[in-house]
Amino acid sequence: MSERAALDPRTTAFYDRSVHDVALDLLGCVVRHGLTAGRIVETESYHENEAACHAHIGLTERTRPLLGPPGVAYVYRSYGIHALLNAVAEHDGIGAAVLIRALEPLAGLPEMRSRRGLDRLEDLCSGPGKLTQALGIDVDLNRSSLTCGPIEIDPRTTAGTPRQIVTGPRIGITKAAELPWRFCDADSAHVSRPLPPAMRRRAQARPAGVASR
DNA sequence: CATGGGATTGACT
DNA sequence: GTCAATCCCATGC
């Protein structure tokens, strides 16, 4: 049962791999910013070879961080309102990133509640725009290092490792919507959208591994 | 330089 | 279920 030692998300080597592997391995890891921290329970992967990825159009001022070295934050403004946090992955020169879509709040709950203006734990970080607001992450942190801070990502603990991971189509996109590149901790109450009931049943029925759809 | 479209959220019917 | 808010950036005239 010798399991290969997991890569550490505090090293660039962690991000210098297939964006899908990075998306899966980020589940259970802990994002920290200032006093706040949360456990990643939902991710999506984006790659320049498909149309939903910003880097699909090639190198522009906006996509420069995506095409740059791995282990860097790509933070952009969505719908003019929200900041969305991504971890840049794959080799320098390849545009790929993991969107952090939801966290289980762990630390700095008063700050999170104050920034969100909401009390319920499930309302604090259960969406890509919500979690950046809760953690105080804005677009000024675009291009900042994830291995040196100010945003840090800690390895998952044994207890924090998802028991069951469920995959499905990505949320809120119109292009390349058929690709099953959304990854969720099946047991978490903090995902951005509830998993389809049929999928939940199937996920629970399975002993281990990744359920599809 | 004008325009249109979002990797969303919260309020409302 | 529908819909507006609001800004960045890519595209096209």
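Letters go in sequence order (proteins before strands), and every chain restarts at 1.
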Check your understanding: When you check the side-chain N and O atoms of A/Ser192 and A/Arg101, is any donor under 3.5 Å from an acceptor?
Key -> yes
Quiz: residues 102-113 of chain A side-chain donor-acceptor pairs under 3.5 angstrom, not counting sequence neighbours:
residue	atom	partner	partner atom	Å
A/Glu104	OE1	A/Arg39	NH1	3.0
A/Arg113	NE	A/Asp119	O	2.6
A/Arg113	NH2	A/Asp119	O	3.1

Exercise for review: Please state the P separation for the pair C/dC3 and B/dG5 - nearest whole angstrom.
Suggested key: 16 Å
Point to revise | Donor-acceptor contact below 3.5 Å, side chain A/Ser45 vs main chain A/His20 | key: no
Check your understanding: Can you list the residues that meet the salt bridge (charged side-chain N to carboxylate O under 4.0 Å, His left out) rule with A/Arg32, with sequence neighbours excluded?
Key -> A/Asp154
Practice item. List in chain and number order the residues that pass side chain to side chain donor-acceptor pair (under 3.5 Å) with A/Arg115, two or more places apart in sequence or in another chain; answer none if no residue qualifies. Key: none
Exercise for review: Give a yes or no answer on whether the side chain of A/Ser188 reaches the backbone of A/Cys184 with a donor-acceptor pair at less than 3.5 Å.
Suggested key: no
**Study point:** Partners passing salt bridge (charged side-chain N to carboxylate O under 4.0 Å, His left out) against A/Glu152 (at least two apart in sequence or in another chain)
**Key:** none
Check your understanding: Apart from A/Trp181 itself, what residues make up its hydrophobic cluster when side-chain heavy atoms of I, L, V, M, F, W and Y under 4.5 Å apart count as a link, directly or indirectly?
Key -> A/Leu179
Check your understanding: Going by side-chain heavy atoms closer than 4.5 Å, which hydrophobic residues are tied to A/Ile94, directly or by a chain of links?
Key -> none
**Study point:** All pairs passing salt bridge (Lys or Arg N to Asp or Glu O under 4.0 Å) where residues 136-147 of chain A contributes a residue, at least two apart
**Key:** A/Glu61-A/Arg143, A/Arg77-A/Asp138
Revision key, fill the gap. Here the helical stems involving DNA chain C, each at least 3 consecutive Watson-Crick or G-U pairs closer than 3.5 Å, sorted by first residue number, are B:1-6 with C:7-12, B:8-12 with C:1-5
Study note, to complete from the structure: In 5'-to-3' order, the base (B), backbone-only (S) or no-contact (-) status of each nucleotide in nucleotides 8-13 of chain B, using a 4.0 angstrom heavy-atom cut-off, is BSS---
Revision key, fill the gap. First and last nt of DNA chain C near chain A, cut-off under 4.0 Å to heavy atoms, 5' to 3', are C/dA5 to C/dA10
Check your understanding: What residues in residues 41-71 of chain A put a non-hydrogen atom under 4.0 Å from any atom of DNA chain C?
Key -> A/Ile57, A/Thr60, A/Arg62
Practice item. With sequence neighbours excluded, tell me which residues meet ring-ring contact (aromatic ring centres under 6.0 Å, His included) with A/Phe14. Key: none
Exercise for review: Assert yes or no for the condition that the ring centre distance of A/Tyr46 to A/His54 is strictly below 6.0 Å.
Suggested key: no
